[in-house]
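Down below is the structure, laid out as structure tokens.
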Amino acid sequence: MTERFGVRLARTADELGTLCVGIDPHPSLLAEWGLTDDADGLARFCDACLDGLAGHVGLVKPQSAFFERHGSAGVAVLERLLDGLAQTPTLSLLDVKRGDIGSTMDGYADAYLGVGAPLGADAVTLSPYLGFGSLAPALRVAEDAGRGVFVLARTSNPEGGPVQLADWSGRSVAQGIVDGAAGANAGAVSGGAPLGDVGVVIGATHDHGLDLSALGGPVLAPGLGAQGASPADVAARFAGLSGLVVPTASRSVLRAGPGPAALRGAAEALRDELEAARTAS
């Protein structure tokens, strides 16, 4: 039987820490590293990240958009990166934010979450704004393959507020998404798993105002570092979580490159700061 994602995530967090490093090869960052803005530069960027980070941090999060902008050659680099990560203890979280209904959602599930999926990662991000129930095909396929999902709930961008904080049957839309994830995790947690397989995405750059006490799964918390959130902010804002917080940073680590050793040093320093802040709280 395939081991559940939540079980693997809990173990990896114990061994390598909770920091998730985003692999976001912006054109400007490629230029800073002295790389060309094409598939060759992208491949060199990913090779350095794989060498510097794999086996040293708990998770890495490639942003699919920065691979897709290079067309099929860029997607091929992404496939190679995901395959390389799969050979290491570091978990891969592919940031694709997919979400749709019916057979289209089935197609996305086949592409990213099924057994042998061509773009399969340990977990992916999903958008629930066609209704949490529309994600059912993806959740089912992910469970069968031992993969996880992180569902957008309360994002850090200001444009998200009017939708995510809107009232729906006496609770915010974002709280409804958290509650949906908690329901999806209930069976795994009651069965003895340390974490469910369904996480939520909640920005670390502001107070979220959500009740996370029943989530039973992980929270992906973007905004650490360059976006302004500190390790102390992360510890304070997710103190009531029943689950695991996975803070994510990109530019604050990647700007230490292009040398793999420098990338590793920046990531390990931030990982240790997060652990110290968590312990102090």
H26 side chain vs S28 backbone, donor-acceptor pair below 3.5 Å
no
Treat each ILVMFWY residue as a node, draw an edge where side-chain heavy atoms are under 4.5 Å apart, and state whether L152 and V163 are in one component.
yes
Report the C-alpha separation of D37 and R69 in whole Å, then their side-chain angles, then the decisive distance to 0.1 Å, and conclude whether the salt bridge (Lys or Arg N to Asp or Glu O under 4.0 Å) test is met.
CA-CA 10 Å; D37 185 18; R69 65 184 290 270; 2.7 Å; yes
T18 and P247, any side-chain heavy atoms less than 4.5 Å apart:
yes
Look at the side chain of T90 and the backbone N and O of V57, then say whether any donor-acceptor pair between them is shorter than 3.5 Å.
yes
I'd like to check C49 versus V21 (side-chain heavy atoms, cut-off strictly below 4.5 Å). Are they in contact?
no
Lys/Arg-Asp/Glu bridge criterion (N-O < 4.0 Å) met for D207, R237:
yes
Taking all heavy atoms of A48 and all of P258, pick out the closest pair and write down the distance.
CB-O, 3.6 Å
CG of L30 to CG of L35: how many Å apart, nearest 0.5 Å?
6.0 Å
dist L274:CG -> C20:SG (nearest 0.5 Å) comes out at 11.5 Å
Cluster overlap W168 with V178, hydrophobic side-chain contacts below 4.5 Å
yes
Quick one: side-chain contact (heavy atoms from CB on, under 4.5 Å) partners of L165, sequence neighbours excluded?
R154
Are L119 and I23 in one and the same hydrophobic cluster, where Ile, Leu, Val, Met, Phe, Trp and Tyr link if side-chain heavy atoms are under 4.5 Å apart?
yes
Which pair of non-hydrogen atoms, one from A235 and one from A277, has the smallest distance, and what is that distance?
CB-O, 3.7 Å
Any donor-acceptor pair under 3.5 Å linking the side chain of S127 with the backbone of R98?
no
State, with a plain yes or no, whether a side-chain heavy atom of L244 is found less than 4.5 Å away from one of L9.
yes
Just wondering, do V246 and V219 contact through their side chains at under 4.5 Å, heavy atoms?
no
Do V115 and V124 sit in one hydrophobic cluster, given that two such residues count as connected whenever their side-chain heavy atoms are within less than 4.5 Å of each other, even indirectly?
no
Electrostatic pair R80-D47, nearest N-O below 4.0 angstrom
yes
Spell out, yes or no, whether L16 and L85 are grouped together once hydrophobic residues are joined by side-chain heavy atoms under 4.5 Å, including indirect joins.
no
Take L113 and Y108, measure what side chain to side chain contact (heavy atoms under 4.5 Å, CB included) needs, and give me the verdict at the end.
CA-CA 8 Å; L113 293 167; Y108 283 137; over 6 Å; no
Once you measure the plane-to-plane angle for F150 and F5, does it fall in the parallel (<30°), tilted (30-60°) or perpendicular (>60°) bin?
perpendicular
Salt-bridge criterion met for R11 and E3 (N-O under 4.0 Å):
yes
Could you tell me whether a side-chain N or O of D179 sits under 3.5 Å from a main-chain N or O of G176, the two making a donor and an acceptor?
no
Distance from I177 atom CD1 to L126 atom CG, nearest 0.5 Å?
11.5 Å
Checking T155 against Q164: is there a side-chain donor and acceptor pair closer than 3.5 Å?
yes
The test is side chain to side chain contact (heavy atoms under 4.5 Å, CB included); show your working for D167 and S172 and say whether it passes.
CA-CA 5 Å; D167 182 83; S172 70; over 6 Å; no
For the pair W33 (side chain) and G259 (backbone), establish whether a donor and an acceptor sit closer than 3.5 Å, ignoring hydrogens and angles.
no
Quick one: closest heavy-atom pair of A142 and V149, and the distance?
CB-CG1, 4.1 Å
Is there a side-chain contact between L215 and L241, using heavy atoms and a 4.5 Å cut-off?
yes
Given S92 and L59, is the side chain to side chain contact (heavy atoms under 4.5 Å, CB included) satisfied, shown in steps?
CA-CA 6 Å; S92 58; L59 301 92; over 6 Å; no
Heavy-atom pair of closest approach, residues P162 and P158
CD-O, 3.8 Å
Before accepting this row, confirm whether a basic side-chain N of the pair D40/R44 lies closer than 4.0 Å to the acidic partner's carboxylate O.
yes
Less than 4.0 angstrom from a charged side-chain N to a carboxylate O is my criterion; do D95 and K97 meet it?
yes
Where do C46 and F67 land on the side chain to side chain contact (heavy atoms under 4.5 Å, CB included) test, with the steps shown first?
CA-CA 10 Å; C46 290; F67 295 83; 3.4 Å; yes
V201 vs V151 side-chain heavy atoms within contact, under 4.5 Å:
no
Does a side chain donor of either S103 or D106 reach within less than 3.5 Å of an acceptor in the other side chain?
no
Do V245 and R278 come close enough that some side-chain heavy atom pair is under 4.5 Å?
no
When you measure from the side chain of S190 to the backbone of G187, do you find a donor-acceptor pair of N or O atoms at a distance under 3.5 Å?
yes
Interatomic distance, L42 atom CG to L81 atom CG [nearest 0.5 angstrom]:
9.0 Å
Using every non-hydrogen atom in the two residues, find where G196 and A188 come nearest and quote the distance to one decimal.
CA-CB, 4.2 Å
Please report the interatomic distance OG1(T12) to CG(L91), rounded to the nearest 0.5 Å.
4.0 Å
E268 side, atom CD; L263 side, atom CG - distance, nearest 0.5 Å:
11.0 Å
Restricting to non-hydrogen atoms, name the atom on G216 and the atom on V189 that form the minimum distance, rounded to 0.1 Å.
O-CG2, 3.5 Å
For N185 and D197, indicate whether the former's side chain and the latter's backbone hold a donor-acceptor pair under 3.5 Å.
yes
Would you please say whether a donor-acceptor pair under 3.5 Å links the side chains of Q63 and D24?
no
May I ask you to test the L139-V198 pair for a side-chain heavy-atom distance under 4.5 Å?
yes
Does R271 offer a backbone N or O that forms a donor-acceptor pair with the side chain of E275 under 3.5 Å?
no
If you measure from the Lys or Arg side-chain nitrogens to the Asp or Glu carboxylate oxygens, is any gap between R147 and D122 under 4.0 Å?
no
